[in-house]
Amino acid sequence: MKNMISDLVKSINHFNGSDNSFEILRNIICDISDNKSLLNEPLVKELLYLAAQKMRTFGYNTMNHLDISIFQNVLQDNYSESTDEEIERHHNLSLILQNEAINSLYTSSSGNLLDKDQKNIIEVFNERPRLLVSAPTSFGKTYILREIIYQNYEHFRNIILIFPTVSLLNENVHEFKKFNRDLGLEYSIINTTQKKFDPDSRNLFIFTPERVLQLLNENPNFKIDFFFMDEVYKIDNFFDSTDSSEGSSKEEERDKVFRIVLYILSKKATQFYLAGPYINTTKLGEGFQRFIKLFDIRIIEIGVERVKKDHIHSWGTRATIGRKQIIFKDNKKISKLNEIISFLEKSDEGKSIIYAESKKKVSTLAREIVSVTNTIEPHYKLNMFIEHLIKRYSYTHRNQQIHKSWTLIETLNKGIGLHHGAFPKYIQSEILSLFNNGPLNILICTTSITEGVNTKAKNVVFYGSSKGGKELKCFDIKNINGRAGRYYHHFIGRIFYLDKKIHEKVQQNDDTLDFITFSNREVTDIDLDNVAINDLWGDNKARKADRELVILESGVDNNVLNKNKLIDKLKQIELVNLLKNKNILELKSIVTQCSSLKNFLENKTIYKILGYFEEVGLLTEFDVKKFGIITSNYSNSDGMYRLIKYHLDSLDEINAKSIDSIYTTVFSDIRNIVEYKVPKYLTIFGTLLEYVCSLPEINIGTEKIAIDFIIRFFEIGVQTELGTELAEIGFPITTIKMLEKEERDLMKYSFDAVKSNYHLLKHQFQQSLDSYEVYLLENIIAEG
DNA sequence: TTGCCTATGGGTGAATATCC
DNA sequence: GGATATTCACCCATAGGCAA
């Protein structure tokens, strides 16, 4: 304790603003603050306060509930006339003045106290408004964003904020609504492409890259003043391969969307702010360097974390945690994990995330851990949620209720959450919220947890040492580590390594982020289609020229091809030619089939359309069959049951492994095929069909085509206006489908009508919904 | 979907290193 | 020098890729 104080004094004196001295001082502050018993000491309080003020990192004082008043006892004393005391008094007075000076300097115009690094970023932006910031998780990147928007309110009329996932959109919509209201700003906050907006007033779009593309397609000349892109490393698939475990084939990877959106917006808006964690800005690829130069972008790299990270070597026979030690009884990886978990549980060391390498591994690990974990106290909301999962997703098969073999249910009952990309969005976010604010203390997850979602975990345990089949990159490891301890919640985050290789790898820093559009490397055809020839380099220029020639010769209107930016233009041309050569009668019948959902479903039009894609080589015969069966099955009101039943029928034994794999497959199929791929193909088809029909030589009226409605039906899975709105906010789709079937009268209302008359409809809703669903619905209504 | 094949990673025991 | 810890090499189970 005495050592700690003298170390603290020494480090305060040695602090000179360098990363190194910052880290040393931070480690001491965090170590002391993490040990609450030391905090009672008035001297410790004063020193901690001074240290944080000196670092201009005010979060530490907020977390320790320290402010200048801790010095007041000295001030309020009646000083005698002795000279020493006067000096002392003088010293304290100047301390207060100094403190006030610091605070007013670091208080932003919106009234928030900013850390030194945060303030610096805003100043740099105001000097040169194109910025790339690399900063660790929970550094406050969106906090800075709000400050930038506030300071530039006058000339930021239309703003786009880009986040990688829909759940992040919802989180940020909430925050920005509050920001907009609290500071009296006049932005309309728009997060879906369906929502109408007035281009001449102030708009704040909070979109995924896909939604940005759609916005730009529909409003090609729309003026954007400023945009923000979070997790900007996603433009480079080599750098980040988190998505590849999703089972998506190469051509579906998302990096292209990020690249194209960043390319288009950079050319459109003069001001932007790009952010991402752990980007080594001294090792940017050739293409990224050109991008920086071309757009005159300033780079800021924040290397040091605010939270101290304890890296705990757990691959050997023992693990040392501060002064405590675990001596492993067994050398098996799984038993070590169990020992770590029970250590953390017993010593009340906070919430933990366990990293597993695949969805399957998440379930198997869960099953092995659950047997040694203690049962938790009953928790009202958790129980409601479990009841709901059972009610909506469990069925009886061969006289067995399948949820009894569903690992998720078993683990939730024991206070363990599972998290991976396959679960429906609302299940993912409920599990996260039960982990962050509820009774779940352990979360077993894949890289899905790094998708920008914030958690309150203090510990991370590396069980998995790869990602799907692939090797974890240094970047991935850092990103997962970033979840250990959260600034403003913890001083220390712990990372347990069960594999030495992972710990070695995290020390290296050899990942290179590139923007291949501007590089000499071979880019994809889709990149070529969306980039101006003058911006390309190397062989890509010639490739683009060749393609342009083919496109020109085809005679197909380029504006039509541009509407679907993510599909190879040459393939689109092939499709146009295919449709052109069809018999007029066949085209007419397709148009009729697409005129209403009823016709579409009755004629099994989906097979015919997917068949066209097979003809041009975008799909295989197997895909067409599979996509067709799954979408048709799911489009029924008992779609979930049909998909699960299909797998159950071919099952020889009901056990946890087989049931888990059924749920994972069904959930993944719904996300991948029903909600993503099929709508994508239908959208292209719709565009091209309308184009072909409008050609003078064909000339078929297309006014009746309702393909947009059909697409939305598949994409969201529901039919009514109210259902669509509810689905968008994150209400369970299975539940909406049930309501659409059983409560037709109720579902005829508009969302606004339900909102304002909820007290009258309440009873009717309660009859069909389970208590968790009622809770969700009431939350949605309360939030408006 | 199914089944085969390959790559991977975990477990095991022997060999080597390290510590007292 | 002995005991313990760590590393290494090998084997096997398994998951995931791939093709029909």
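First the proteins, then the strands, lettered A, B, ... as listed; each starts at 1.
When the side-chain nitrogen and oxygen atoms of A:H647 are compared with OP1 and OP2 of B:dT1, one or more of them lie within a distance under 4.0 Å.
Taking A:K458 as the reference, A:D34 meet the salt bridge (Lys or Arg N to Asp or Glu O under 4.0 Å) condition, with sequence neighbours excluded.
Across the interface with DNA chain C, nearest-nucleotide mapping of A:K361 and A:K500 shows A:K500 to be the residue nearer the 5′ end.
In this entry the distance linking CZ of A:F328 with P of B:dG10 reads 15 Å, nearest Å. When the P atom of B:dG9 is taken as reference, atom CG of A:D499 falls 9 Å away, rounded to whole Å. Put simply, CD on A:E357 is 10 Å from C1' on B:dG10, counting in whole angstrom units. Rounding to whole angstrom units, CD1 of residue A:I327 and P of C:dT4 are separated by 12 Å. Taking atom NZ of residue A:K626 and atom C1' of nucleotide C:dA19, one finds them 14 Å apart after rounding to whole Å. Rounded to an integer number of Å, the gap from A:L498 CG to B:dG9 P is 15 Å. With rounding to whole Å, A:K333 atom NZ is found 3 Å from B:dG10 atom P. Taking atom CD1 on A:I334 and atom P on B:dG11, their separation rounds to 8 Å, with Å as the unit.
Taken over five-pair windows at either terminus, the axes of the helix from B:dT1-C:dA20 to B:dC20-C:dG1 are inclined to one another by 30° (rounded to 10 degrees).
Comparing C:dT7, B:dG9, C:dA15 by their closest approach to the side chain of A:K360 singles out C:dA15. Here the nucleotide nearest the side chain of A:W315, chosen from B:dG11, B:dT1, C:dT7, is C:dT7.
Judged by a 6.0 Å distance limit and a 45° cone about the ring axis, A:K351 is positioned over the six-membered ring of A:F435.
Residues A:T407 and A:R367 bring a donor and an acceptor atom of their side chains to less than 3.5 Å of each other.
Ring to ring, A:Y641 and A:Y395 are close: their centroids are under 6.0 angstrom apart. Remark: aromatic rings of A:Y355 and A:Y463 are distant, center separation not under 6.0 Å. Ring centers of A:Y612 and A:F685: under 6.0 Å apart, within the cut-off. With ring centers used as reference points, A:Y497 lies under 6.0 Å from A:H311.
Contact annotation for A:Y646: backbone-only contact, meaning every heavy-atom pair under 4.0 Å involves sugar-phosphate atoms and none involves a base.
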